[in-house]
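Atom set for the values below is all heavy atoms of this structure, side chains included, hydrogens, waters and symmetry mates excluded.
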Amino acid sequence: DCEGLEFFSALSNCILDYTVIEDEALIDAFNAGSQVNFEQYVKEGYYPFYRDDTTNYNDRLSQVIDTIIFNEIPAVSNLEYESVYKVKPLLAILAQQNPYTLNISSLCKSLNVSRNVLLKLIDLLDKAALIRRLYAESESWGQINKPEKILFENTNLMYALSPNADVGTLRETFCASMLVKGHKIT
C-alpha cells in the first residue's frame, strides 16, 4: 500500500526559499509557482517516486499498475486468466469517461464479461487502491453491489492510463483523493 502525497505535501517539496520581505510578494510568488506545480502534481506528483529523475514517471506508474493487475490481483483472487486481461480495458474506459456514473450492463457488454465478473473486478481494483467506489446515500439493497460512481484513487493513475482523461473526472478524482483522508465520501 503506497500512500500518496497530498498536493500541499508535494508542493512543499517544490517551493524554493524566497527572500521576499513583503507578504504580498510572497503570496504572488506562491501563487505563480503553485499553478505550475499543481498542473505537474495532477499528472506526476501523487506518488513519492516523482522525485526520482532516473525514470519516466508514467512508465514507472504503468509498471506498478501492471504489477497490481497481472501479479497481485491473480495472487489474491480466484479470477480466471481471461478475466484478468479485462482489467486494463476496464480502467481505460473509466479514465476516458465523463464523471462516470456506473452502467453495469453497458460495461459488461463492452468488456464481454458477466455481471458477477465485472463486480468482482471492480471490488479487486478498489481493494488494490486503483479506483474508489462512491455510493449514493440509500437504503436500497442494490447499493451493496453497485456503486453510484467510480473514480480513480488519484489523477496520476488516470493520466498514466489515458492521455485523454476527462477534465470533469479529473476534478472529481482530485477532490475525492484530497478529502478521503479524514472524511467519508459518498
Side-chain angles (χ1 to χ4, degrees), residues 1-4 42-50 52 54-136 138 140-177 180 184-186:
D1 192 21
C2 182
E3 189 73 23
V42 295
K43 292 179 182 177
E44 301 181 342
Y46 188 79
Y47 296 104
F49 53 78
Y50 79 92
D52 184 5
T54 60
T55 63
N56 180 322
Y57 183 87
N58 282 334
D59 289 344
R60 177 108 183 256
L61 188 51
S62 291
Q63 290 171 352
V64 169
I65 293 167
D66 286 347
T67 299
I68 291 169
I69 293 171
F70 299 114
N71 295 24
E72 294 177 5
I73 288 177
V76 299
S77 70
N78 59 353
L79 281 178
E80 293 179 19
Y81 196 64
E82 181 181 307
S83 297
V84 172
Y85 277 93
K86 303 292 183 170
V87 173
K88 204 97 181 229
L90 171 60
L91 291 172
I93 289 169
L94 295 175
Q96 293 175 5
Q97 297 293 323
N98 292 334
Y100 200 77
T101 302
L102 192 59
N103 182 331
I104 295 287
S105 300
S106 175
L107 272 176
C108 288
K109 198 176 286 186
S110 295
L111 297 169
N112 196 26
V113 296
S114 71
R115 177 183 175 86
N116 289 342
V117 168
L118 180 62
L119 292 174
K120 175 88 171 172
L121 292 175
I122 290 170
D123 182 57
L124 290 166
L125 289 170
D126 186 52
K127 288 177 180 174
L130 291 176
I131 63 170
R132 174 175 291 117
R133 295 178 286 186
L134 301 179
Y135 294 93
S138 170
S140 166
W141 282 97
Q143 143 178 352
I144 293 172
N145 290 327
K146 181 185 173 270
E148 182 69 21
K149 284 189 177 188
I150 294 178
L151 297 175
F152 279 83
E153 183 68 20
N154 62 72
T155 56
N156 292 187
L157 292 168
M158 291 180 69
Y159 275 108
L161 291 161
S162 174
N164 302 320
D166 179 76
V167 174
T169 306
L170 284 167
R171 266 189 231 114
E172 283 192 46
T173 299
F174 173 76
C175 289
S177 70
V180 75
K184 181 184 177 194
I185 300 175
T186 58

Check [X] against [Y] and note the closest heavy-atom contact, atom names and distance.
| X | Y | result |
| --- | --- | --- |
| Leu118 | Cys108 | CD2-SG, 3.6 Å |
| Phe152 | Thr173 | O-CG2, 3.3 Å |
| Ser83 | Leu79 | CB-CD2, 4.1 Å |
| Tyr57 | Glu44 | CE2-CA, 3.4 Å |
| Leu170 | Thr155 | O-CG2, 3.5 Å |
| Ala129 | Leu157 | O-CD1, 4.1 Å |

Please round to the nearest 0.5 Å and tell me the distance separating atom [atom1] of [X] and atom [atom2] of [Y].
| X | Y | atom1 | atom2 | result |
| --- | --- | --- | --- | --- |
| Arg133 | Asp126 | CZ | CG | 4.0 Å |
| Leu94 | Met158 | CG | CE | 9.0 Å |
| Lys127 | Ile68 | NZ | CD1 | 15.0 Å |
| Phe70 | Ile65 | CZ | CD1 | 10.5 Å |
| Leu90 | Leu111 | CG | CG | 5.5 Å |

- Just wondering, are more than 12 heavy atoms of other shown residues or ligands nearer than 6.0 Å to CD in Glu80? no
- Query: In this structure, are over 12 heavy atoms from other groups packed under 6.0 Å from Lys88 atom NZ?
  - Reply: yes
- Query: Is there a side chain to side chain contact (heavy atoms under 4.5 Å, CB included) between Lys120 and Asn78 once you walk through the steps?
  - Reply: CA-CA 10 Å; Lys120 175 88 171 172; Asn78 59 353; 3.8 Å; yes
- Decide side chain to side chain contact (heavy atoms under 4.5 Å, CB included) for Leu130 and Val87; before the verdict, give the C-alpha distance in whole Å, the side-chain angles of both, and the deciding distance to 0.1 Å. CA-CA 11 Å; Leu130 291 176; Val87 173; 5.7 Å; no
- Query: Between the main-chain N or O of Ile69 and the side-chain N or O of Asp66, is there a donor-acceptor pair closer than 3.5 Å?
  - Reply: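 No, the answer is negative, given that no donor and acceptor are paired below the 3.5 Å cut-off.
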- Verdict with supporting geometry, Leu125 and Ile73, side chain to side chain contact (heavy atoms under 4.5 Å, CB included): CA-CA 8 Å; Leu125 289 170; Ile73 288 177; 4.0 Å; yes
